[in-house]
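Working notes for the structure below.
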Amino acid sequence: MKTERKGLCGECLRESRSQFVYKDNRNILFDFDGSHGGLAGGHGWRPGRIRTGGIDGSYLYLGGAAILGKVGATWDEDDFAMNYWPEPSAGFPELTAIPSFANMLDTCDIDDLALKFECRVPETSPWSASALQLIFTGNLYAAGGSQGGGFTYVAEGLTGAFRAIAPSITGHADFEEGMRIVNWPRANFLAAKEKLGMTDDEMNTFNAYFDVMNFASRVTCPVISCFSLQDTTDPVRTNLAPFNLLDKVKEGDKVYIINPFLGHATPAGWGKRYMEFFEKHHSGRTPAAIRQTTSSTAGDTCAVCFDMTGRRVSVPGRGLYITGGRKLVMR
């Protein structure tokens, strides 16, 4: 399958309900070469495969592999996905840095916006992929237990994209001691050590890089955790160590629950408990619903300030932010 996807644009439906316009160049978010004021590519784990020489400049290429079986049977994100994670300090601005899009948010409610795509499907290679999926993160949460608890800390520590997280009976801390307790992932580590010709010290040094404690200190969102005093798989210390390193999280936003008699398990009401915690920190407010706008200078501090993906920012750069129920433009 070959697909040329030229342009990802927004349109305010309240103002007009237009027919599809071929080679539409209005309000472009992504044009993959900057020729129409849009962004030139993705940013993240999968920045997208951008090719030149399309019907209107560069384009996002989706293809190169066969999609087999039912929807979801073939998992191939590298060939059929693109991420865009704003990171202004690295040259990847928020979408609101695009003037036409920022103006639309000032004149349209977010619920009245629509996304349009232009695709070219060659006759020699007809469309054969699954449905298109779009994911926009704002109120994003994560919960996981055991290895998943460790990955929950890692996901927030690496991305800073979550509104709140709930790691429990957390694993992947203190690998050297952990290998003396359980066989997994010890057997995998030992097999890799032999294959790579490592000594025990080299293996332990390498594994220490992935210790959950290295990521916990980067967490900035509220955290609720749950662990057991009688857990012989992931003991108390592997739960308390990352929790005690949450120095970027406000004291009032850190909660831990102790289970005196459970082993490597969480109580029956744990799911309800962390969902209540998530609800407490959930924001239903959308940027378009905030009409009052003020301006400030980039680099000024902001007590409670959120970017357009919902992440809390203490020293915002240039762009559009939300604070105290107002839009704040940093110039």
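By convention here, the first residue in the shown sequence is residue 1.
Considering only heavy atoms from C-beta on, S168 stays 4.5 Å or farther from T152 through its side chain. D200 places a side-chain heavy atom less than 4.5 Å from the side chain of K193. In this structure the side chain of P235 reaches within 4.5 angstrom of the side chain of I181, judged on heavy atoms.
Taking all atoms of both residues into account, the shortest heavy-atom contact from V249 to V219 is CG2-O, 3.5 Å. When all heavy atoms of A166 and F278 are compared, the pair lying nearest together is CB-CZ, 3.8 Å. Listed here is the closest heavy atom pair of F101 and L95: CD2-O, 3.4 Å. Minimum interatomic distance between P242 and R237 (heavy atoms only, all atoms of both residues): CD-O, 4.4 Å. Closest non-hydrogen pair, D33 versus D56, comes out as OD2-O, 4.2 Å. Nearest approach of D234 to S146, heavy atoms of both residues: OD2-OG, 3.3 Å.
With rounding to the nearest 0.5 Å, the separation of CE in M213 from CG in D174 is 6.0 Å. Within the model, atoms CD of E276 and CD of E279 stand 9.5 Å from one another, a figure rounded to the nearest 0.5 Å. Atom CZ of R186 is separated from atom CZ of R180 by 10.5 Å, given to the nearest 0.5 angstrom. One finds the CG atom of L60 at 4.5 Å from the CZ atom of F32 (value rounded to the nearest 0.5 Å). Interatomic distance, L196 CG to M203 CE, rounded to the nearest 0.5 Å: 11.0 Å. Atoms OH and CD1, from Y61 and I50 in turn, are 13.0 Å apart once rounded to the nearest 0.5 Å.
Under a hydrophobic-cluster definition in which Ile, Leu, Val, Met, Phe, Trp and Tyr are linked whenever side-chain heavy atoms come within less than 4.5 Å, directly or via other members, L190 and Y209 are assigned to the same cluster. Linking ILVMFWY side-chain heavy atoms closer than 4.5 Å, directly or via other members, places F215 and L240 in two distinct hydrophobic clusters. A continuous path of hydrophobic side-chain contacts links V212 to V236 [ILVMFWY only; heavy atoms under 4.5 Å]. Linking ILVMFWY residues whenever their side-chain heavy atoms come closer than 4.5 Å, directly or via other members, leaves L246 and L158 in distinct clusters. Transitive grouping of hydrophobic side chains (ILVMFWY, heavy atoms separated by less than 4.5 Å) brings I224 and M275 into a common cluster.
Remark: the backbone N or O of G263 is paired with a side-chain donor or acceptor of S228 at under 3.5 angstrom. For the pair E156 (side chain) and F162 (backbone), a donor-acceptor distance under 3.5 Å is present. Using a distance-only test at 3.5 Å, with no hydrogens or angles considered, no donor-acceptor pair links the side chain of T96 to the main chain of A102. In this structure a side-chain-to-backbone donor-acceptor pair under 3.5 Å is missing from N25 to H36. At least one donor-acceptor pair closer than 3.5 Å links the side chain of D31 to the backbone N or O of G38. Not a single donor-acceptor pair under 3.5 Å links the side chain of T205 to the backbone N or O of E202.
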Stepwise, does the side-chain contact (heavy atoms from CB on, under 4.5 Å) test hold for V255 with R273?
CA-CA 11 Å; V255 178; R273 180 68 182 85; 4.1 Å; yes
Could you give me the CA-CA distance, side-chain angles and deciding distance for T199 and D201, then say whether side-chain hydrogen bond (donor to acceptor under 3.5 Å, both in side chains) is met?
CA-CA 5 Å; T199 66; D201 287 342; 5.3 Å; no
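Test F227, F243, Y153 against P167 for side-chain contact (heavy atoms from CB on, under 4.5 Å) and you get one pass: Y153.
Remark: aromatic rings of H172 and F175 are close, center separation under 6.0 Å. Separation of the F30 and Y84 ring centroids falls under the 6.0 Å cut-off.
More than 12 non-hydrogen atoms from other residues, nucleotides or ligands lie less than 6.0 angstrom from CZ of F189.
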